[in-house]
Amino acid sequence: DAKTTQPPSMDCAEGRAANLPCNHSTISGNEYVYWYRQIHSQGPQYIIHGLKNNETNEMASLIITEDRKSSTLILPHATLRDTAVYYCIVLNYGGSQGNLIFGKGTKLSVKP
Amino acid sequence: DGGITQSPKYLFRKEGQNVTLSCEQNLNHDAMYWYRQDPGQGLRLIYYSQIVNDFQKGDIAEGYSVSREKKESFPLTVTSAQKNPTAFYLCASSIVGQGPGEKLFFGSGTQLSVL
């Protein structure tokens, strides 16, 4: 599975959009991009996933570049409760969820 | 409410002692997983099971054992052979065969420390 690169940390003002980048330049055609987040001392929580089209749900939007080598997770109106570590992961279609590789992610700090 | 329950929240192990971490789910999920997380690090897969009475080793299975006698339960035993057991342990479950929409549901974790 392709490797991802994320900045180790980011800050965001409360109420503003948080844009979290992820680089996955070696992604292959059948690999999906997943985003999870982990609030301190809790288990990770699924946010969103996509293949090549932009996706939106009640939590966030996922923007994937046309060449699929990078993506951005957007939290449109960040709140203090969005402070967490955000993981960007790629996985083959049909691949076992056990093969999701949770790296160090991006620690997002939302500030008042 | 449906979900995954891990217990205890905190656990202490003495030298040479085996300890068992509990994981129960009522989501009717086929697959269950155990991960280990060290401070400031990502998650590493210890064991996983996709069906009752069957399980596979993950990346760091040495010093750990599991059983899957019931669909709802996947206990993890940290044996005395695990020389550095202090970590945050996370249990997860998922539906098998759902395709790309399949996602992991996690418990709230158990913090294991050595006395």
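Every chain is numbered from 1, with letters handed out A, B, ... down the list of sequences.
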Legend entry - Joint cluster assignment, A:Met59 & A:Leu73, ILVMFWY side-chain distance < 4.5 Å: yes
Inset, instruction - Count the heavy atoms belonging to other residues, nucleotides or ligands that lie under 6.0 Å from CD of B:Gln17, then report whether that count exceeds 12. - result: yes
Inset, instruction - Identify which part of B:Leu90 has an atom lying under 4.5 Å from any heavy atom of chain A, answering side chain, backbone, both or neither. - result: side chain
Inset, instruction - Give a yes or no on whether A:Ile74 and A:Val85 share a hydrophobic cluster (residues Ile, Leu, Val, Met, Phe, Trp, Tyr; joining criterion: side-chain heavy atoms under 4.5 Å apart). - result: no
Legend entry - Closest approach of A:Gln38 to B:Phe88 (non-hydrogen atoms, all atoms of both residues): NE2-CE2, 4.2 Å
Inset, instruction - Under 4.5 Å, counting heavy-atom pairs only, tell me which of A:Pro44, A:Gly103, A:Ser41 racks up the most with chain B. - result: A:Pro44
Legend entry - Max heavy-atom pair count under 4.5 Å with chain A, selected residue of B:Gln41, B:Gln111, B:Gln56: B:Gln41
Legend entry - Shared hydrophobic cluster for A:Ile64 and A:Leu20 (ILVMFWY, side-chain gaps under 4.5 Å): yes
Legend entry - Between OH on residue A:Tyr46 and CZ on residue B:Phe106, distance to nearest 0.5 Å: 13.5 Å
Inset, instruction - Evaluate whether atom CD1 of B:Ile51 has more than 12 neighbouring non-hydrogen atoms of other residues, nucleotides or ligands under 6.0 angstrom away. - result: no
Legend entry - Test item: A:Tyr36 side-chain N/O and B:Leu104 main-chain N/O as donor-acceptor pair under 3.5 Å: yes
